[in-house]
Amino acid sequence: MIRRESIRTVLRQGSVGSTTTVYGWVRTARVSSKVAFAAINDGSCFQNLQVVFDRDLFAHEQLAGLMTGACVRAEGTIVESPGREQTHELHATSLEIVGPVDDAYPLQKKRHSLEFLRTMPHLRPRTNTFASVFRVRHHLSLAIHRFFDEEGFYYVQPPLITSSDAEGAGETFQVTTLPLHDVPMKDGKVDFSQDFFRAPAFMSVSAQLEAEPLALALGKVYTFGPTFRADPSDTRTHCAEFWMIEPEMAFFDLEDNMALIERFMRYCANYLMEHCADEIDFFERFYEKELKERYRMIQENEFGRITYREAMKLLTESGRSFDTVPKWGEDFSSEHQRYLAGDVFGKPVFITDFAATVKPFYMRLNDDMETVAGVDLFAPVVGELVGGSQREERLDVLERRASEQRLDMEIYGWFMELRRWGSAPHSGFGLGFERLLMYLTGMENIRDVLPFPRTSGRMF
RNA sequence: UCCUCGGUAGCUCAAUUGGUAGAGCGGGUGGCUGUUAACCACUAGGUUGGGGGUUCAAGUCCCUCCCGGGGAGCCA
């Protein structure tokens, strides 16, 4: 058994005068004639531990192993530090170079570009930036589970392999065991009866369709899992494999839905402020100067609220010349989103009651017969964070809208049956986990908040 | 897929109208009585993304391909 204390434990609970053993990776080392210093980090917290070496006790060759990136074990006494930058440090009595590095080690103690670090996903977690991102990612995940648990939701796990392409979502990855060099054909088409499921199968692009039946039995449910999109879109906010949170609630209308989204965002912001203070300080210093203002905006203010109709009016009367002209019956472009969330409101803003033509068939038709009870939450910088709606619970209306959008009713058979027997008003939303993480860390590329990002054309 | 900007030492970047490729960091060697991404001295390190072209002469101009950043479209 390896005996050691984490640096987090040493710095937060270690008592002066006690001895301890730590393991960690060298961030930087300074050797002078009488004394040497090494800052080591084991990932347990943002701070490094300063280890001090009396040069009378350590051979020159041994200290030469304290190169940036080397894994070391240090044993010693915890003392108060005379230095300004840390309250405590470790006076070493022994040092072992557990995993040495040579001069080809690519990470230096100075700052690297994010582009360079993207080429080495196996090493970049050893940087302040990525270790912080992944610690925040952990805490945000926990915050999400806690929030929904406290709100009385059940965590459900819909399948990742599905039979249907969720309406409105993007392109799918197909799952097959058919031999790609010799695909069986029948009547000029692929013979899926010979495939694993005896039918075409896809990676899930949304859990919503499967979440609805669970909500209409358990009341309030949420999903939190990976989602796969084969869109060729190459942008800083898109990824082929990402995580989504998709709550679905019986007996929630659109107002209830929005109130839930607001409580959710506030809970996450509060939780991270409490658990990731060092990381948030770091991100504010190096990545997003207004980061804490962003948190305050979520914690202390109601989000903006505006209908699609009002938003269109605002855009057309703004006097701005947009590349895409805003037009009733069409969706907002990203410059429209940026204008509304960034310039007009300066905080996240709900857009509600969209023209029915821009939203999928399952959103509830409003009494005006031309808008639907959908809601999008646009945030400055990252754009669309949340998309949700009150679902259409009236069978006749749902069937009419589905046929208007020329959907294959066979695939949606069971979805229709939910409305045929014991139908209930219900709502839900979907939230991109990585986009939320981007918003709350200030990172501006989705590839930098995923440990091993998968994007079109690149597996790293 | 389209538009746009870029690719120079391991990293971050310089290099005037086309005229001898440099610096800081990192590495090596030595020095320094407690440093804070320490400091001082010396040193090694380059087919300027690949290929082709113009020119007496190309990192610099032209063509083409590759790779990366940003934007558009689509979406979360």
Side-chain angles (χ1 to χ4, degrees), chain A residues 26-39 41 47-56 60 64 67-69 79 81-86 89 91 101-120 123 127-128 166 168-171 205-208 226-246 286 322-324 330-338 358-360 376-379 382-388 429-439 444-448 455-458 460:
Chain A
V26 176
R27 284 295 174 77
T28 175
R30 298 171 285 278
V31 179
S32 60
S33 62
K34 298 287 185 188
V35 65
F37 303 91
N41 188 287
Q47 285 88 5
N48 300 326
L49 176 67
Q50 172 156 281
V51 185
V52 187
F53 302 92
D54 184 336
R55 288 206 57 187
D56 292 337
H60 179 267
M67 287 167 66
T68 298
V79 301
S81 176
R84 275 193 185 164
E85 308 279 317
Q86 60 280 317
E89 61 190 21
H91 270 208
V101 292
D102 57 31
D103 59 10
Y105 182 67
L107 299 184
Q108 58 179 34
K109 59 187 172 189
K110 285 214 170 185
R111 202 174 175 178
H112 287 286
S113 68
L114 294 172
E115 295 81 8
F116 174 69
L117 292 169
R118 270 173 221 150
T119 66
M120 44 191 78
L123 295 175
T127 62
N128 282 335
E171 299 289 314
V205 292
S206 165
Q208 183 199 320
T227 291
F228 307 88
R229 303 262 173 108
D231 294 320
S233 23
D234 187 17
T235 84
R236 61 186 181 82
T237 52
H238 285 84
C239 228
E241 179 178 340
F242 64 100
W243 284 55
M244 275 213 291
I245 298 116
E246 295 183 276
F286 289 103
F322 295 104
D323 290 339
T324 337
E330 284 176 17
D331 212 344
F332 301 108
S333 72
S334 31
E335 60 173 342
H336 300 153
Q337 296 177 10
R338 268 196 302 275
V358 305
K359 292 294 184 187
D376 281 358
L377 181 68
F378 294 157
V382 292
E384 187 180 338
L385 263 185
V386 179
F429 65 89
L431 180 148
F433 179 58
E434 281 76 17
R435 288 195 184 168
L436 180 60
L437 191 53
M438 287 166 72
Y439 193 61
E444 294 193 344
N445 195 307
I446 196 167
R447 293 182 195 123
D448 298 331
T455 51
S456 169
R458 211 161 42 154
F460 63 84

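The figures that follow rest on heavy atoms only: side chains count, while hydrogens, waters and symmetry mates do not. Everything numeric in this text was worked out from a predicted model, so none of it was measured.
Checking the phosphate oxygens (OP1, OP2) of G70(B), a side-chain nitrogen or oxygen of Asn445(A) falls inside 4.0 Å. Under 4.0 angstrom from either OP1 or OP2 of C32(B) there lies no side-chain N or O belonging to Arg55(A). Neither OP1 nor OP2 of G26(B) sits under 4.0 Å from any side-chain N or O of Thr68(A). Dashed line: the shortest gap from a side-chain N or O of Ser334(A) to OP1 or OP2 of G73(B) is under 4.0 Å.
Under the rule for a ring pair (Phe, Tyr, Trp, His ring centres under 6.0 Å), the partners of His112(A) that lie at least two apart in sequence or sit in another chain are Phe116(A). Judged as a side-chain contact (heavy atoms from CB on, under 4.5 Å), and not counting sequence neighbours, the contacts of Asn48(A) are Arg27(A), Ala39(A), Asn41(A). Judged as a side-chain contact (heavy atoms from CB on, under 4.5 Å), and not counting sequence neighbours, Ser33(A) has no contacts.
Of the P atoms belonging to G70(B) and U16(B), the separation is 28 Å, rounded to the nearest Å. Rounded to a whole angstrom, the distance from the C1' atom of C25(B) to that of A38(B) is 13 Å. A distance of about 23 Å separates the P atoms of U35(B) and G30(B), rounded to the whole Å. Separation of the C1' atoms belonging to G49(B) and C42(B) is 33 Å when rounded to the nearest angstrom.
Nucleic acid contact for Glu434(A): none, since no nucleic acid atom lies under 4.0 Å from a heavy atom of the residue. Within 4.0 Å (heavy atoms only), Gly83(A) reaches at least one base atom of the nucleic acid. Residue contacts shown for Leu107(A) are absent, as no nucleic acid heavy atom lies under 4.0 Å away.
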**Q.** B/S/- contact track for nucleotides 7-14 of chain B, protein heavy atom under 4.0 Å
**A.** ---BBS--
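Nearest nucleotide to the Arg236(A) side chain, out of G73(B), C75(B), G70(B): G70(B). With distances taken from any side-chain atom of Thr235(A) to the nucleotides G34(B), G73(B), G70(B), the minimum falls on G73(B). Of the candidate nucleotides G71(B), C75(B), G73(B), G73(B) has the atom nearest to the side chain of Ser333(A).
The separation between Asp448(A) atom CG and G68(B) atom C1' is 13 Å, rounded to whole Å. Atoms CG (Asp231(A)) and P (A72(B)) sit 16 Å apart, rounded to a whole Å. Rounded to whole angstrom, the span from the CZ atom of Phe322(A) across to the C1' atom of G73(B) amounts to 17 Å.
Looking at His91(A), its side chain comes within 3.5 Å of the base of G34(B) through a donor and an acceptor atom. A donor-acceptor contact under 3.5 angstrom links the side-chain atoms of Glu89(A) to the base of G34(B).
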Between the protein and nucleotides 38-44 of chain B, list every N/O to N/O distance that falls short of 3.5 Å.
unit_1, atom_1, unit_2, atom_2, d
A38(B), OP1, Thr28(A), OG1, 3.2
A38(B), OP1, Lys109(A), NZ, 2.6
A38(B), OP2, Thr28(A), OG1, 3.0
A38(B), OP2, Arg30(A), NH1, 2.1

Q: Could you summarise the pairing of RNA chain B as dot-bracket text, marking Watson-Crick and G-U pairs under 3.5 Å with ( ) or [ ] inside the strand and | across strands?
A: (((((((..((((.....[..)))).(((((.......))))).....(((((..]....))))))))))))....
